[in-house]
Amino acid sequence: MKNKFYITTAIDYVNAKPHVGHAVEKIQADVLARWHRDVLKDETYFLTGSDDNSLKNVQSARKAGKSTEEFIAENAKSFQALKEMLNLSYDQFIRTAKKEHFDGAQKLWSNFKKEDIYKKNYRGLYCVGCEEFKMEKDLIDGKKCPDHLTECEVVDEENYFFKLSNYQKQLEDLIESDKLKIVPEYRKNEVLSFIGQGLEDFSISRSVKRAENWGVPVPGDNDQIMYVWVDALSNYITALDYLNEGELYKKFWLENENRVHVIGKGILRFHAIYWPAMLLSADVPVPTRILSHEYLTINGQKISKTLGNIINPEEVVEKFGVDGARYVLLTSLPSSRDGDITWERMTEKYNADLANGLGNLISRTVKLSSNSKFQIPNAKQITKHSDQISKFLDEFQIDRALEYIWIFVREANKYIEDNKPWELAKVDESKFKEVMEKLFSDLYLISQLLMPFLPETAEKIKTALKTKKTEPLFQRIK
């Protein structure tokens with residue numbers, strides 16, 4: 001019986017085209033999906049998608065002079081294009097504008113316990129960019145969102161609220177016990193600290209007028225639209241056919257102990273507190289693991305469509321190739337802090353690790369072996385190495401997993417320098433054969449471990465070892 005693994009990314013607002021911050025999260029999730037599917041042989045389902053129902057989508061469409069439907073469909077296509085552009089292996093791209101999602105989200109709302117929902121007037125400061133009410137103390141000069149540097153709107157209206165306070169103890173227990181495991185550990189502590197301060201009830205709807213009649217209607221109330229977080233978060237189960245309790249929902253949510261969300265630190269609270277509380281209210285199992293990544297930044301500032309400080313993924317692919325782009329983006333984002341990204345740093349990393357490192361290693365090894373007659377030895381056991389990679393990936397330390405693999409790349413290059421096989425070929429055929437067999441064995445190991453990270457490169461290495469022919473994989477870039 002195969003283990004099952006369900007992994008999701010955040011669904012992105014489609015108020016503009018994707019930037020590298022969106023791309024890196026998709027690549028991170030893709031690495032984990034490929035590792036579970038192709039290395040661990042788990043039955044894997046990988047979901048991503050677009051958040052079509054956000055108010056900022058409506059406002060951006062108006063600025064662009066387009067209908068909301070046309071505008072979001074156009075931008076959603078740009079996010080879907082990342083699949084081929086970055087060689088992503090996801091199984092489904094959910095569009096939350098679809099009727100199936102509307103019906104599933106309404107079912108979830110209808111299944112909330114009646115005592116958890118109430119209606120009241122509310123006045124607060126609202127950031128459209130974050131789709132979140134803010135406390136004055138958390139704002140710059142009591143007015144501006146620190147992420148988007150825009151003034152928050154004063155909202156005063158009647159909404160439905162969810163009694164988050166009803167789930168304080170249950171959430172605390174789930175997170176402390178790691179039944180709902182939050183990675184990294186310091187983010188877990190951050191969430192527990194937030195819960196410990198006392199949970200306040202939160203708004204789960206907005207008026208049809210303020211929502212501009214866009215989004216999922218609240219069941220039984222034509223004057224209210226579901227607040228984006230109820231609607232958006234429910235995609236993780238509506239995509240699996242929660243509405244009809246279909247086969248995917250049974251297999252990957254009800255009967256699976258690996259329900260994993262990959263998200264940015266800015267939306268951790270919604271995923272670790274609001275989402276599990278809503279699921280508990282609706283008597284649905286909660287996720288088992290939340291992997292929270294840091295931000296890519298430019299000049300120390302979060303990359304943001306609102307701020308306009310963006311790098312487009314297609315530019316990175318154009319410069320470095322698909323696997324080159326995957327590598328420089330993955331290594332630009334450390335597991336424990338924000339990663340500041342520049343073209344200079346990406347180019348330096350690409351040249352050092354890929355062109356001079358891995359690419360040079362493959363090229364030299366294959367060239368040295370091209371006229372030889374020896375048999376390629378059986379690949380060395382990779383179990384202990386794959387176990388180590390699994391440990392890194394379980395702790396969402398993709399950067400450390402790649403560092404581990406590059407130890408083998410550097411050691412193999414050093415082995416060539418130390419043993420000078422081009423000289424051995426002339427004077428000691430037996431020793432030459434021994435050296436080359438070790439290099440082939442090392443390269444095969446590297447290709448196996450690299451497969452989830454740089455899938456095209458991994459296949460090219462295996463082909464080169466079989467045919468003893470190769471084109472330069474990574475050309476040096478100036």
Side-chain angles (χ1 to χ4, degrees), residues 10-18 22 48-80 93-110 112 117 119 121-122 124-134 145 148 150-162 202-239 242-243 267 270 274-275 278 304-306:
I11 54 172
D12 298 305
Y13 298 129
V14 283
N15 59 318
K17 291 183 168 42
H22 301 112
T48 189
S50 60
D51 182 351
D52 298 343
N53 304 324
S54 159
L55 181 57
K56 63 164 81 173
N57 296 339
V58 180
Q59 294 175 344
S60 297
R62 188 165 56 242
K63 281 180 193 167
K66 297 180 178 178
S67 74
T68 307
E69 290 93 336
E70 179 193 3
F71 181 79
I72 64 167
E74 189 180 295
N75 280 337
K77 275 184 185 171
S78 299
F79 280 86
Q80 288 169 305
F93 186 101
I94 183 172
R95 291 277 316 277
T96 60
K98 299 288 185 186
K99 182 180 185 300
E100 297 83 356
H101 172 74
F102 272 49
D103 293 345
Q106 288 177 322
K107 177 183 174 179
L108 182 70
W109 180 295
S110 299
F112 291 154
I117 310 295
K119 206 173 186 183
N121 280 312
Y122 182 76
L125 294 164
Y126 189 77
C127 173
V128 174
C130 294
E131 292 283 9
E132 181 186 6
F133 283 100
K134 299 282 189 182
C145 167
H148 296 97
T150 52
E151 285 200 12
C152 291
E153 298 176 6
V154 176
V155 172
D156 190 351
E157 65 181 18
E158 188 177 42
N159 294 149
Y160 286 98
F161 276 70
F162 184 91
F202 68 101
S203 169
I204 55 170
S205 75
R206 56 194 178 215
S207 67
V208 165
K209 182 181 177 185
R210 187 160 69 86
E212 302 193 34
N213 201 26
W214 185 258
V216 182
V218 168
D221 191 335
N222 293 331
D223 295 328
Q224 295 279 309
I225 295 284
M226 279 188 205
Y227 179 46
V228 65
W229 290 105
V230 185
D231 153 27
L233 291 164
S234 67
N235 93 88
Y236 301 131
I237 57 175
T238 65
Y242 164 70
L243 176 67
I267 53 174
F270 302 107
Y274 294 11
W275 174 229
M278 289 189 285
S304 162
K305 290 174 283 192
T306 307

If every non-hydrogen atom of [X] is compared with every non-hydrogen atom of [Y], which pair is closest and at what distance?
X      : Y      : value
Met226 : Pro219 : CE-CD, 4.1 Å
Ile11  : Ala232 : CD1-O, 3.7 Å
Ser54  : Lys56  : OG-CG, 2.9 Å
Tyr13  : Phe79  : O-CZ, 3.7 Å
Ala10  : Ile267 : CB-CD1, 3.8 Å

Enter the distance from [X]:[atom1] to [Y]:[atom2] here, rounded to the nearest 0.5 Å.
X      : Y      : atom1 : atom2 : value
Asn159 : Ile204 : CG    : CD1   : 9.5 Å
Glu153 : Cys127 : CD    : SG    : 9.0 Å
Lys17  : Asn75  : NZ    : CG    : 4.5 Å
Trp275 : Tyr236 : CH2   : OH    : 8.0 Å
Ser234 : Gln106 : OG    : CD    : 10.0 Å

Side-chain donor-acceptor pair under 3.5 Å between Thr238 and His101, yes or no?
yes
Just jot down the salt bridge (charged side-chain N to carboxylate O under 4.0 Å, His left out) partners of [X], sequence neighbours excluded, or say none.
X      : answer
Asp231 : none
Lys99  : Asp103
Lys107 : Glu245

Please check if the side chain of [X] supplies one atom and the backbone of [Y] the other of a donor-acceptor pair under 3.5 Å.
X      : Y      : result
Gln224 : Glu158 : yes
Ser50  : Asp52  : no
Asn57  : Asn15  : yes

List for me each residue that meets side-chain hydrogen bond (donor to acceptor under 3.5 Å, both in side chains) alongside [X], sequence neighbours excluded, and say none if there are none.
X      : result
Ser207 : Glu157
Thr48  : Thr9
Asn235 : none
Tyr227 : none

Please table the atom pairs, donor to acceptor, closer than 3.5 Å between any side-chain atom in residues 64-73 and protein atoms at least two apart or in another chain.
from: Lys66; atom 1: NZ; to: Glu74; atom 2: OE1; distance (Å): 2.9
from: Lys66; atom 1: NZ; to: Glu74; atom 2: OE2; distance (Å): 3.0
from: Ser67; atom 1: OG; to: Glu70; atom 2: N; distance (Å): 3.1

Which residues pass the ring pair (Phe, Tyr, Trp, His ring centres under 6.0 Å) test with Phe270, not counting sequence neighbours?
Trp229, Tyr274
Taken in chain and number order and not counting sequence neighbours, the residues that satisfy ring pair (Phe, Tyr, Trp, His ring centres under 6.0 Å) with Tyr160 are Trp109
Do [X] and [Y] have side chains that approach each other closer than 4.5 Å (heavy atoms only, starting at C-beta)?
X      : Y      : answer
Met278 : Val230 : yes
Arg206 : Val228 : yes
Ile117 : Phe162 : yes

How about Asn222: does its CG atom have over 12 heavy atoms from other parts shown lying under 6.0 Å from it?
no
Does Lys119 NZ have over 12 foreign heavy atoms under 6.0 Å away?
yes
Counterpart residues, side chain to side chain contact (heavy atoms under 4.5 Å, CB included), relative to Phe102 (two or more places apart)
Asn53, Val216, Pro217
Can you name the side chain to side chain contact (heavy atoms under 4.5 Å, CB included) partners of Asp223, sequence neighbours left out?
Asp221
Set out, in order, the CA-CA distance, both residues' side-chain angles and the distance that settles side chain to side chain contact (heavy atoms under 4.5 Å, CB included) for Val154 and Leu125, then state yes or no.
CA-CA 5 Å; Val154 176; Leu125 294 164; 3.8 Å; yes
